[in-house]
**Q** 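I'd like to ask some things about the structure below.
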Amino acid sequence: MVAYMDKIALEKTLETKKAHYWSTSRNALWLKGETSKNFQFVKEVLIDCDMDSILLKVEQVGGACHTGYKSCFFRVLNSDKLAKNSYKIDEINEDDLNIILDKVFNP
């Protein structure tokens with residue numbers, strides 16, 4: 001999954017070894033699993049070369065995605081069309097496209 005962390009979320013994650021995030025929808029610190037019981041127990045923390053992104057390797061209890069999937073990345077774009085460089089934006093479901101565009105241009 002992809003989520004936001006602020007300094008406090010990172011500190012709480014390191015302190016408790018349970019993933020904490022900054023919830024943009026709740027506008028508050030959020031312990032992953034506090035309501036769903038789908039906790040993420042942190043096994044390793046990796047930082048990218050620019051030190052501006054963090055990857056948590058976790059033991060996932062239940063689904064990571066709010067839809068119940070193990071991962072938020074369960075939808076696949078047609079890889080054949082991608083390989084042929086023939087993917088057209090109008091082939092994405094219009095509702096999904098509107099959500100993507102709104103998140104990109106109105107963060």
Side-chain angles (χ1 to χ4, degrees):
M1 62 178 254
V2 174
Y4 295 98
M5 269 191 175
D6 62 2
K7 182 181 178 195
I8 295 170
L10 179 57
E11 288 172 345
K12 289 295 279 184
T13 296
L14 296 174
E15 173 189 326
T16 65
K17 302 212 178 3
K18 291 182 184 175
H20 288 73
Y21 302 103
W22 176 257
S23 171
T24 56
S25 60
R26 300 175 194 169
N27 200 30
L29 182 67
W30 160 53
L31 167 62
K32 172 69 176 162
E34 66 186 329
T35 54
S36 67
K37 304 302 180 218
N38 295 336
F39 292 99
Q40 293 178 336
F41 296 97
V42 178
K43 300 299 179 186
E44 192 173 7
V45 179
L46 303 168
I47 302 170
D48 78 329
C49 59
D50 294 327
M51 297 186 71
D52 60 4
S53 294
I54 297 170
L55 175 69
L56 299 180
K57 290 190 177 183
V58 301
E59 177 186 333
Q60 178 67 52
V61 175
C65 182
H66 72 281
T67 63
Y69 284 90
K70 188 81 172 170
S71 168
C72 294
F73 296 91
F74 58 89
R75 299 181 205 186
V76 178
L77 290 178
N78 186 317
S79 58
D80 291 336
K81 290 184 178 183
L82 215 52
K84 295 175 190 170
N85 199 21
S86 63
Y87 198 84
K88 293 181 175 58
I89 199 75
D90 60 352
E91 294 174 345
I92 296 176
N93 172 298
E94 188 172 342
D95 291 336
D96 289 343
L97 178 60
N98 287 333
I99 291 169
I100 292 166
L101 291 173
D102 184 54
K103 289 182 182 270
V104 168
F105 294 109
N106 302 304

**Q** Between NZ of Lys32 and NZ of Lys18, what distance do you get to the nearest 0.5 Å?
**A** 13.5 Å
**Q** If I compare all heavy atoms of Cys65 with all of Ser71, which pair ends up nearest, and what's the gap?
**A** CB-O, 3.7 Å
**Q** Could you tell me the separation between the CG atom of Leu46 and the OG atom of Ser53, rounded to the nearest 0.5 Å?
**A** 11.5 Å
**Q** Give a yes or no on whether the backbone of Ala19 and the side-chain of Thr13 come within a donor-acceptor separation of less than 3.5 Å.
**A** no
**Q** Above 12 or not: heavy atoms from other molecules or residues under 6.0 Å from CD1 of Ile8?
**A** no
**Q** Report the C-alpha distance between Asp48 and Leu55 in whole Å, list the side-chain angles of each, state the deciding distance to 0.1 Å, and finish with yes or no for side chain to side chain contact (heavy atoms under 4.5 Å, CB included).
**A** CA-CA 8 Å; Asp48 78 329; Leu55 175 69; over 6 Å; no
**Q** Determine whether Leu31 and Phe39 make a side-chain contact, defined as any pair of heavy atoms from C-beta on separated by less than 4.5 Å.
**A** yes
**Q** Can you tell me which residue among Lys57, Lys17, Glu59, Met1 is in a side-chain contact (heavy atoms from CB on, under 4.5 Å) with Gln40?
**A** Met1
**Q** By ring-ring contact (aromatic ring centres under 6.0 Å, His included), which residues pair with Trp30, not counting sequence neighbours?
**A** Tyr21
**Q** Would you compute the distance between atom CG of Asp6 and atom NE2 of His20 and round it to the nearest 0.5 angstrom?
**A** 11.0 Å
**Q** For a quick test of reading the model, state the closest non-hydrogen atom pair linking Leu29 to Glu34 and the distance between them.
**A** O-OE2, 4.4 Å
**Q** Drop me the distance from Leu10's CG to Trp22's CH2, to the nearest 0.5 angstrom.
**A** 14.5 Å
**Q** With the 4.5 Å side-chain cut-off for hydrophobic clustering, are Ile54 and Val58 part of the same group?
**A** yes
**Q** Which atom names give the shortest non-hydrogen contact between Gln60 and Gly62, and what distance separates them?
**A** CG-O, 3.1 Å
**Q** Under the ring-ring contact (aromatic ring centres under 6.0 Å, His included) definition, can you give me all pairs with a residue in residues 44-75, not counting sequence neighbours?
**A** Tyr69-Phe74
**Q** Rounded to the nearest 0.5 Å, what separates atom CD in Glu44 from atom CG in Leu56?
**A** 10.0 Å
